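Please read the structure below before turning to the comments.
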Amino acid sequence: MDATPDTAEPRPRTGPAVPEQSRLTRRGHRPGAAPRAGGPRPAAAAGPARHPAAPGAAPAAAAPPYGHGTPDGGASAAPGAAGGAGPVRPVVGELRLSAFGPHRGLALPLAPVTFLTGPSGSGKSHVLAAHEALAALAAGATLEAAFPDPAARVPDRAPVDAQGRRGFRIGCTVDGPAGPVRLDLAVQAEPALRIVGERLTANGETLLGTALRDPGRRSVQAAWLTGGSAAVTRAPFPDDRLGTALIPLRVAGATPGQRRVLAAAEQVVVALRSVFACDPEPERMRAPAVHGEGRLLRDCANLADVLRRTRHECTTRHTLLARAAQAACAGRVHGLDVLTSCDRSGPVTAALDRGPGQPATALGRLGSGELRFLALALVLLTGPGVLAMDPAAELLSARQALTVLADGFDRGLDRRQNAELLRLALLAGGRGHVRLLAAVGEEAAAAAREAPGAAVVDLGHDRHARDEQRTARDR
């Protein structure tokens, strides 16, 4: 089958013991989490490890989760799974679409601010969908929840093998304290949706590998590095869930090999779970919002309720958003006002404060571009606490980097609004708190090329070059 990777079982590696990484702990479902559809759900790194360290290893208390260093920088961390050091915040440094939709052999390096451009059909949405699907799987979702239409992700013109199977392959590289860690996943889409192969590697060493050995069973054979009396440990894993997200529930971390596996898996899970996909829908944002938790939904329909929360709980960010609105909204903007009823269950409305003696302008009267701008600016200025997502709650937010995914980032925006959003994205990306991966049109891409710190990838040009090379090889 086209989607089946070369699978290899982990190889033991000798070397000094490394400081422990914290164990993933079980936690209940939270609002905004990926669908569970039953079964165990992984969590992220917690506090000090509870299992004993190997002889010669640093005490667990001396190694905080994901190494040392200041939250805002890429300071060195304690050696981890790869025996190296990386940034304190785990981040996805590369996204791979080996065989996914229109893409074959695509390796996409991700900067703190990355814009995807290209003509219609060049595969921008497929890149964002692959990243979002990996995030859902890392949060414990099933394949069915992560890929609601798997047949649409099968590579163009992919042939059917002798067993009538077709599928796709995606992966990523996560940089962090454990060094670069690669995750590669092969999924069978037809005739039944299932994982047929997964590999977690660091420094060329396979730490976890799964493979479909018996098509008649709904499980894959998993093998992970042990490094103790047994070189590897083998056990069946479900074929509809990511093994990397499940391994912390199976491994005690009693040997240096197991701790390398745990450190690598935790790093990947933390980076992938810290993702928020945003697609503001202005028509849904015009109506008064219901008084709720104040966590922004994907379509931003509850923007007014979130503004109510930021106004009372984070005046600094609320003020920054108001200043951004001054630069991107028509007319004078003195601030962002929020009106709520005496009844906490009543509606919440928001408006632009036009200054003393001037009537306020309700959000429902703003243009579509202004509404989209306010929603996207809020996402770039805030953090996971006010977004409908499920990050690693057991890890300090200062040690996580939020990744925002946005398809049609510049849709309905004028040049002034695009310039202000680009400024906010570069500001957030430079601080390391928020990363952005967005699909934009040619005008926004041209402006981003002139901005230091922004990376622009032209998928249409790159895909055309790859197609020409493939045609030449075929000849």
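Note that the coordinates shown come from a computational prediction; the quantities given were computed from them, not determined experimentally. We number each residue from 1, following the sequence as shown.
Ion pairing of Asp299 with Arg284 is present here, as a side-chain N (NZ or NE/NH1/NH2) and a carboxylate O approach within less than 4.0 Å. Salt bridge absent: Glu442 and Arg449 never bring a charged side-chain N and a carboxylate O closer than 4.0 Å.
The two residues Leu363 and Leu371 come nearest to each other via the heavy atoms O-CD2, 3.5 Å. Annotation for Ala138 and Ala245: closest pair O-CB, 3.8 Å, computed over non-hydrogen atoms. The shortest heavy-atom contact between Leu424 and Ala377 is CD1-CB, 3.7 Å. Across Pro102 and Gly123, no two heavy atoms sit closer than the pair CG-CA, 3.8 Å. Nearest heavy atoms, Ala264 versus Val181: CB-CG1, 3.8 Å. Here the shortest heavy-atom pairing between Val456 and Ala448 reads CG2-CB, 3.7 Å.
Between Arg415 and Glu443 the shortest side-chain heavy-atom distance falls below 4.5 Å.
Between Leu193 and the options Asp240, Leu143, Asp239, a side chain to side chain contact (heavy atoms under 4.5 Å, CB included) holds for only Leu143. With Glu198 as reference, Leu208 is the one residue of Leu137, Leu208, Val187, Asp184 to meet the side chain to side chain contact (heavy atoms under 4.5 Å, CB included) rule.
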Pair Arg435, Thr114 - check side-chain hydrogen bond (donor to acceptor under 3.5 Å, both in side chains), show working. CA-CA 8 Å; Arg435 296 167 67 87; Thr114 304; over 6 Å; no
Evaluation steps, salt bridge (charged side-chain N to carboxylate O under 4.0 Å, His left out), between Glu144 and Arg194: CA-CA 9 Å; Glu144 184 177 10; Arg194 63 194 310 181; over 6 Å; no
Scan the side chains in residues 404-414 for donor-acceptor partners under 3.5 Å anywhere in the protein, sequence neighbours excluded, and list what turns up.
from, atom 1, to, atom 2, distance (Å)
Asp407, OD2, Ser125, OG, 2.7
Asp410, OD1, Gly441, N, 3.4
Asp410, OD2, Gly441, N, 3.0
Arg411, NH1, Asp279, OD1, 3.2
Arg411, NH2, Asp407, O, 3.0
Asp414, OD1, Arg416, N, 3.2
Asp414, OD1, Gln417, N, 2.7

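Residue pairs meeting the side chain to side chain donor-acceptor pair (under 3.5 Å) criterion with at least one partner in residues 364-380, sequence neighbours excluded, are Arg286-Ser368.
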